[in-house]
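See below for the structure under consideration.
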Amino acid sequence: MKPKPSVWFLVGAGVGGLLIAGAALLVVTSYGRVQATERQLKARREVLSGLYQADPFPSIDNVQRENENADKLRKWFVTLLDNARQGQLQLEERSPSTFMTLLGQTQRELIAGAKVPDRLPPNFALGFDQYFGEGSKLPSPEHVPRLTQQLKIIENICQVFLDENVTQIKSIHREFFEGDAPSTTDATGESAYAAVNPKAGLMEEGASYGKFHFVIELEIRESALLGVLNRLARHEIFMVVTRLKLEKQGDDVQSVERESTKLSQPKATGPGALVEEPLTREQRIVCGVAVEKAMLVTLDVDVYNFRGGDQ
């Protein structure tokens, strides 16, 4: 009679069978993953092979052509800077006393050139008010070159205004870099432009240009304003009008009744008869250039100083 298998033997055999089945399942699953990875690898190799066959890398001719284009761009940039520098003020004067002499001389010449006294404000200081007062100090020698540049720029701009017959130059405000800006007011009595910019006009490291900013208030008619804008746009000094503010100072159309009452008087033509005298042609004009009132105009102007193209 055969002995019966042990319970532990049966349990061990069952566990062994399960392990063998699990191992077989793992082998089948891993084989499937290997096949999927091989398919992905093959697809990636085909993409890479296609890139190499397309030859995306620059040829020697293309590299040479791009280098030539880069040289052309550099030459164009140098030419552009050199053209922008034409007419640029190159002033290196560092004597404070010389600057003060030049400031007074420029003031006298502009006042004389205005011809009509009220075209310039009383005690016209060209934006350098702190150097005209009693007890005013001389500027520092290191500030004189930029102050001289600002003075010559203002002189050129004012000459444009006078040539175009502006009604009045009311005020000029410049960027202050040599200290605190004085407290000033504009034509309306409001606080005027008095910015302080220690780097005004300077070219920082790596920059191609520096600039000065000016704010100018004028009384001017439309035709004169167009002339001023055109002259500034084509001026030999590189300047750009960055803001233009216009304010009317009266009605565009005058009242016919008011003018008729003021200018036309009754005229006797016979006993007991009064006939109103007709207005002249000039008296009947109620709008247009002949009766145009000057506008209050505020101009913001940037004046640029360019580095040399070979610098």
Side-chain angles (χ1 to χ4, degrees), residues 51 54-94 99 102 106 126-128 139-161 163-164 172-178 181 193 195-216 225-245 297-311:
L51 291 176
D55 193 14
F57 305 104
S59 66
I60 296 177
D61 292 339
N62 286 340
V63 172
Q64 182 178 358
R65 187 176 297 111
E66 288 302 316
N67 288 335
E68 292 174 356
N69 291 339
D71 290 338
K72 287 181 180 179
L73 288 176
R74 280 190 288 268
K75 290 178 181 178
W76 289 348
F77 180 70
V78 170
T79 302
L80 177 63
L81 289 181
D82 289 341
N83 290 338
R85 281 171 55 84
Q86 292 182 8
Q88 182 170 296
L89 299 173
Q90 301 293 339
L91 305 169
E92 295 299 332
E93 177 62 53
R94 292 186 177 273
F99 167 74
L102 180 62
T106 303
L126 296 89
F128 296 89
S140 301
E142 65 269 19
H143 293 150
V144 171
R146 283 190 286 167
L147 287 172
T148 307
Q149 285 187 21
Q150 286 184 323
L151 175 60
K152 299 303 290 184
I153 290 169
I154 291 173
E155 180 186 10
N156 278 271
I157 293 176
C158 287
Q159 193 59 56
V160 170
F161 296 154
D163 290 345
E164 294 298 327
I172 295 179
H173 308 284
R174 64 182 179 89
E175 276 184 314
F176 288 85
F177 56 85
E178 68 272 27
Y193 179 90
V196 178
N197 179 11
K199 297 182 179 180
L202 293 179
M203 282 179 280
E204 299 186 43
E205 186 69 26
S208 299
Y209 64 87
K211 68 177 180 178
F212 292 108
H213 188 73
F214 301 89
V215 178
I216 306 156
L225 177 60
L226 293 176
V228 164
L229 294 177
N230 287 331
R231 287 279 299 276
L232 294 180
R234 66 173 185 265
H235 202 283
E236 61 179 2
I237 300 175
F238 198 103
M239 57 183 72
V240 178
V241 175
T242 59
R243 185 175 73 103
L244 179 62
K245 179 182 177 183
V297 174
T298 303
L299 283 175
D300 283 35
V301 181
D302 284 344
V303 180
Y304 289 83
N305 204 19
F306 292 93
R307 190 185 303 279
D310 56 348
Q311 296 179 355

Subject >> R146 to F177, cation-pi by 6.0 Å centre distance and 45° axis angle >> reply: yes
Original post:
Around atom CD of E204, are there more than 12 heavy atoms of other residues, nucleotides or ligands at under 6.0 Å?
Top reply: no
Subject >> Atom CG of L73: over 12 foreign heavy atoms under 6.0 Å >> reply: yes
Subject >> Parallel, tilted or perpendicular: ring planes of F306 versus Y209, cut at 30 and 60 degrees >> reply: tilted
**OP:** Apply side chain to side chain donor-acceptor pair (under 3.5 Å) to Q159 and D163, showing your working.
**Re:** CA-CA 6 Å; Q159 193 59 56; D163 290 345; 3.0 Å; yes
Original post:
Between atom SG of C158 and atom CD1 of I153, what is the distance when rounded to the nearest 0.5 Å?
Top reply: 12.0 Å
Subject >> Between NE2 on residue H235 and CG on residue N230, distance to nearest 0.5 Å >> reply: 13.5 Å
Original post:
Looking at residues at least two apart in the chain, or sitting in another chain, which of them share a salt bridge (Lys or Arg N to Asp or Glu O under 4.0 Å) with K75?
Top reply: none
Verify, without hydrogens or angle tests, whether [X] (side chain) and [Y] (backbone) share a donor-acceptor contact under 3.5 angstrom.
X    : Y    : result
E175 : H213 : yes
S140 : H143 : no
R243 : D300 : no

Original post:
Among E155, Q149, Q150, whose side-chain hydrogen bond (donor to acceptor under 3.5 Å, both in side chains) with K152 holds?
Top reply: E155
Original post:
Among pairs that include at least one residue of residues 59-70, which meet salt bridge (charged side-chain N to carboxylate O under 4.0 Å, His left out), considering only residues two or more places apart or in two chains?
Top reply: none
Subject >> Atom of F99, atom of V144 and distance for their closest heavy-atom approach >> reply: CB-CG1, 4.0 Å
Subject >> Criterion side-chain contact (heavy atoms from CB on, under 4.5 Å) on V78 and W76, from CA distance to verdict >> reply: CA-CA 5 Å; V78 170; W76 289 348; over 6 Å; no
